[in-house]
There are 2 protein chains.
Amino acid sequence: MSDSKIIDVAKRAGVSVATVSRVLNQSGLVREKTKKRVQQAIEEMNYTPNAMAKNLRSKRTMKIGVVVADIEVSYYAEIVKGIENMANSLDYNIIICDAQNQKAKELEYVSLLQNRTVDGMIFVTPVMTNKEIIALVEDGYSVAVIGRFIEHEQIPCAFTDNVKIGKDVVSHLIEQGHEKIAFLSGYADATDSYERLEGYMKALRDAGMPFIPELIDNGDFNESGGYRGFLRLHGRNADLTAVFAANDEMALGVYKACKELAIQVPDHIAVVGVDNIRITRFITPSLSTVEQPKYTMGALLTEKLIDQMNNNEFGDKRYFKVESKLLIRESSSHLRERQTQERAEPG
Amino acid sequence: MSDSKIIDVAKRAGVSVATVSRVLNQSGLVREKTKKRVQQAIEEMNYTPNAMAKNLRSKRTMKIGVVVADIEVSYYAEIVKGIENMANSLDYNIIICDAQNQKAKELEYVSLLQNRTVDGMIFVTPVMTNKEIIALVEDGYSVAVIGRFIEHEQIPCAFTDNVKIGKDVVSHLIEQGHEKIAFLSGYADATDSYERLEGYMKALRDAGMPFIPELIDNGDFNESGGYRGFLRLHGRNADLTAVFAANDEMALGVYKACKELAIQVPDHIAVVGVDNIRITRFITPSLSTVEQPKYTMGALLTEKLIDQMNNNEFGDKRYFKVESKLLIRESSSHLRERQTQERAEPG
DNA sequence: TTGGCTATTGAAATCGATTTCAGTTGTTGC
DNA sequence: GCAACAACTGAAATCGATTTCAATAGCCAA
């Protein structure tokens, strides 16, 4: 254990602590000869500067808090990886705050900002509202958001065009011949949810198709919510032929419900999700979904946040609108003829 | 932003900083009336103690470093969740160190221990060797390990009986009538790898079957390694009928290779993995695997490490050997008759 | 009212670094 | 050899809390 302090090094090298500090921080105004002596002492004593003392004095912790709805969900894990890797390459560490999808826990973690455990915080969660996040910034904290757009000049954010996502998916389903397309939303008040719903409606409008409120239901962005939501939807609309789930997790729940109801995907019902989590490629039938550059969003935003914290100025490029891409797979590849849809015999 | 310091609170309440500190830390020797006054001042100023200063003085950071091979792999993510949740409930935070499967990065992160950024560290990675971890403890640091057993009385660890895992899997395959069973190892020097290999051999011995070195190959615990490993195995042993992959990720690689080679699972080849990652239930055919209580391992070990750090004594129960459970699914459910195996027509 | 004891309280040291400011050393030019 | 200036170096303040130790206040009995 490196128990030695800077004063020990100073004594050994026969200089003052100030000089040792200068050598450590390469401020460059130490004579070469002295520097050598100090470095040797550091080496010999295996000295490492105490980060806590350093933090206190410099008022920076070199740590970023990452509040994430559920670290186990691969969509989030991939974003977090992007954050961690970028942070690390910029000499920052990240403190993971798994909110377990609970707002109370998210708010709890805000104390890390307040007590200066972290220099800034990134929110990767649909739970916290924009308003609450803006309040933090107004209080003087550095925060950033992934997955949605926030209209505030001091909040960097990375997100995809959710309206476009909704529109792309539903237009695709319409092209496939579907007329009764359900939308399975996440939390009703999450931007992801209502923006995708907006896209859904826009696609219908463009195609001259009616909006049927019964075809909308909402879940919680989790598999179980998708499962229950589909059961409700199907109960109300026996004739629906396609489901657009606001994310892949819920689409998995739809698969489960379909299996129990002996409904074939995609023969009876087409399913499309969003996020392109890894599992979508492995499941049968493979799930059509929308790719979002998760790792990239995490990395870009982290770079931006750190830059902003260090320079204390809010550059021009405050947000990153990244491109999404519809991936058509088996779950929505069965062309359906209009007006002649019916349940074919299983198989 | 809570910019007020303890001295500001003290002034406002008309007391000394010592008294404020006593109120904050409920040391209980403050007169009720004074306490009320201080609490009101704290309230009014919206004061939060500065964690850095606190840490410096108390020499504890209330943070645990978690070095993980790859946070995006669901096996690790689930363990990390267990760690985070338990740590949080004990008032600790975790610093995630994604090593990207690189030993150099893992060693880099050790500096967090050395510079006192964290109070202790948990290793959730097959990369670091036992020797290196023991060296840290001998240096006086608090560390713990998940996923293997380390023979050192100051290192808490949580793990499953890997020999049993290997034996269970292979015995199962033998029961199914398989005679040419390949073992696809992870990193050759990881305990997970060679202990499972040991179980593999034990099962063969128990069944009176020969050990054939050509049936062993190794990957890297990742999908791509599993893919390449299987191609090599299959190249050498056209007649193999079962593959035991040291983890599920590699089993996914085997699936991929089989698909390309038009080999049917399980009709032509049975596949079994380890870890029971989520994807195994969704893939077709569902993958037989071995469940390890990942979340539980993370949580238990974290509790133990924190307890050890706080009491600075190494209690009786130093390690947690958790139960594993073979889950037989479709990928190994096709009974095979001895001596009459042949490639059936596809389908 | 006062002594003696305990319950509160405050001043100052401390944690381990960084940084300011002043003092010292070394160079250079004449 | 010496003044003038630049280059180094060190003493002490500082970051914002906790904690020790001594001092004060409050209380009760005599």
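Below, each value reflects all heavy atoms present in this structure, side chains not excepted, and no hydrogens, waters or symmetry copies. Protein chains get the first letters and strands the later ones, always in sequence-line order, with residue 1 at the start of each.
No side-chain heavy atom of Val20(B) sits less than 4.5 Å from a side-chain heavy atom of Ile7(B).
Evaluation of the salt bridge (Lys or Arg N to Asp or Glu O under 4.0 Å) rule for Asp70(A) yields Lys81(B) as partners, not counting sequence neighbours. Listed by chain and residue number, nothing satisfies the ring-ring contact (aromatic ring centres under 6.0 Å, His included) test with Tyr92(A) (two or more places apart in sequence, or in another chain). Residues forming a ring-ring contact (aromatic ring centres under 6.0 Å, His included) with Tyr319(B) (at least two apart in sequence, or on another chain): Phe149(B), Phe159(B).
Contacts between residues 56-64 of chain B and DNA chain C, defined by a heavy-atom separation under 4.0 Å, are made by Leu56(B), Arg57(B), Lys59(B). Taken residue by residue, residues 9-22 of chain B places heavy atoms nearer than 4.0 Å to DNA chain D at Ala18(B), Ser21(B), Arg22(B).
The separation between Leu29(A) atom CG and dT9(D) atom C1' is 10 Å, rounded to whole Å. Residue Asn25(B) contributes atom CG, which lies 5 Å from atom P of dT18(D) at whole-angstrom precision.
Nearest nucleotide to the Lys54(A) side chain, out of dT18(D), dA17(C), dT9(D): dA17(C).
Rounding to the nearest 0.5 Å places CD1 of Ile96(A) at 4.5 Å from CD1 of Ile71(A).
Lys317(B) NZ: more than 12 foreign heavy atoms inside a 6.0 Å radius.
With DNA chain C read from its 5' end, the first of the two nearest nucleotides for Ala53(A) and Val30(B) is the one closest to Val30(B).
The C1' atoms of five pairs define one axis at each end of the helix from dT1(C)-dA30(D) to dC30(C)-dG1(D), and these two axes lie 40° apart (to 10°).
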